[in-house]
Amino acid sequence: MACPVRPSSVLPGRAPSARRHRIVAGLLMMSTGLVVAAVTGLVIALLGFCFTGLAFFVVQPLLFNFPATRLAGRTLAGGLALLNTIDITGGFVGPYIMGYAEDATGNRLSGLWVSVVLLALGALAATRLRFSPKS
């Protein structure tokens, strides 16, 4: 655990860049885990889902830390509320999108492929995140 933390603490100017890279890497790890789950057998697919879950818990705290680096006071509360609203809405709409993809194609794995594409697009969008240099 000390190795990933060390460069950020020694080089504070690089810390925002390192966080952005960790978010991108985590989203790509999630995407990779879902690809493994989609193309392999049951046991290896379970490992792919576990890998995706691990990566989710890497990315989640970094994303929730993002508003705190850019906002303060009431705007921080609003930013966190917006992030939670998007999160909850995705949790509600996501299963419908997966079900629609499966119904439209007739393939039970197409929902996973939609998730893979959305995670890859999220990783691409995360390359544009700008953390505050003061954090």
Side-chain angles (χ1 to χ4, degrees):
M1 185 63 145
C3 291
V5 174
R6 192 51 146 179
S8 296
S9 61
V10 173
L11 303 168
R14 299 287 299 160
S17 173
R19 272 186 270 178
R20 182 176 50 246
H21 294 311
R22 287 183 193 127
I23 291 172
V24 171
L27 290 171
L28 291 176
M29 285 171 54
M30 290 170 69
S31 182
T32 302
L34 290 181
V35 168
V36 167
V39 298
T40 61
L42 287 176
V43 174
I44 303 298
L46 179 62
L47 292 175
F49 283 125
C50 289
F51 189 68
T52 299
L54 171 86
F56 172 76
F57 287 111
V58 168
V59 171
Q60 185 182 21
L62 293 170
L63 286 177
F64 274 93
N65 188 31
F66 178 71
T69 66
R70 308 282 293 178
L71 307 171
R74 289 184 177 178
T75 56
L76 175 59
L80 289 173
L82 177 64
L83 188 59
N84 277 321
T85 302
I86 292 169
D87 189 26
I88 290 170
T89 304
F92 179 76
V93 174
Y96 289 105
I97 292 173
M98 287 187 71
Y100 177 76
E102 291 174 9
D103 289 342
T105 62
N107 184 354
R108 62 183 174 84
L109 295 176
S110 59
L112 280 179
W113 291 113
V114 168
S115 297
V116 167
V117 169
L118 290 175
L119 284 168
L121 289 174
L124 184 64
T127 61
R128 306 296 297 162
L129 280 178
R130 293 188 182 157
F131 286 88
S132 175
K134 67 177 177 160
S135 59

Discussion item. Let me check something: do W113 and F49 share a hydrophobic cluster, defined by ILVMFWY side-chain heavy atoms less than 4.5 Å apart, either directly or through other members?
Written reply: yes
Item to complete: Answer with yes or no whether the hydrophobic clustering places M30 together with V39; edges join I, L, V, M, F, W, Y residues whose side-chain heavy atoms lie under 4.5 Å apart.
Response: yes
Quick one: side chain to side chain contact (heavy atoms under 4.5 Å, CB included) partners of [X], sequence neighbours excluded?
X	result
T85	T89
I44	V36, T40, L47
T105	N107, S110

Fill in: Between CZ on residue F56 and CG on residue L27, distance to nearest 0.5 Å
10.5 Å
Could you pull out all donor-acceptor pairs under 3.5 Å where a side-chain atom in residues 114-124 meets a protein atom, sequence neighbours excluded?
{"from": "S115", "atom 1": "OG", "to": "G111", "atom 2": "O", "distance (Å)": "3.3"}

Minimum heavy-atom distance [X]-[Y], with the two atoms named:
X	Y	value
A126	I23	CB-CG2, 3.8 Å
E102	R108	OE2-O, 3.2 Å
L109	A38	CD1-O, 3.3 Å
L71	G79	CD1-CA, 4.0 Å
L83	L63	CD2-O, 3.6 Å
L62	R22	CD1-CB, 3.6 Å

Worksheet item: Which other residues belong to the hydrophobic cluster containing L82, where Ile, Leu, Val, Met, Phe, Trp and Tyr are joined when side-chain heavy atoms lie under 4.5 Å apart, directly or via other members?
Response: I86
Worksheet, complete the sentence: The ring-ring contact (aromatic ring centres under 6.0 Å, His included) partners of F57 (sequence neighbours excluded) come to none
Discussion item. Tell me if the OH atom of Y100 is crowded by more than 12 foreign heavy atoms within 6.0 Å.
Written reply: no
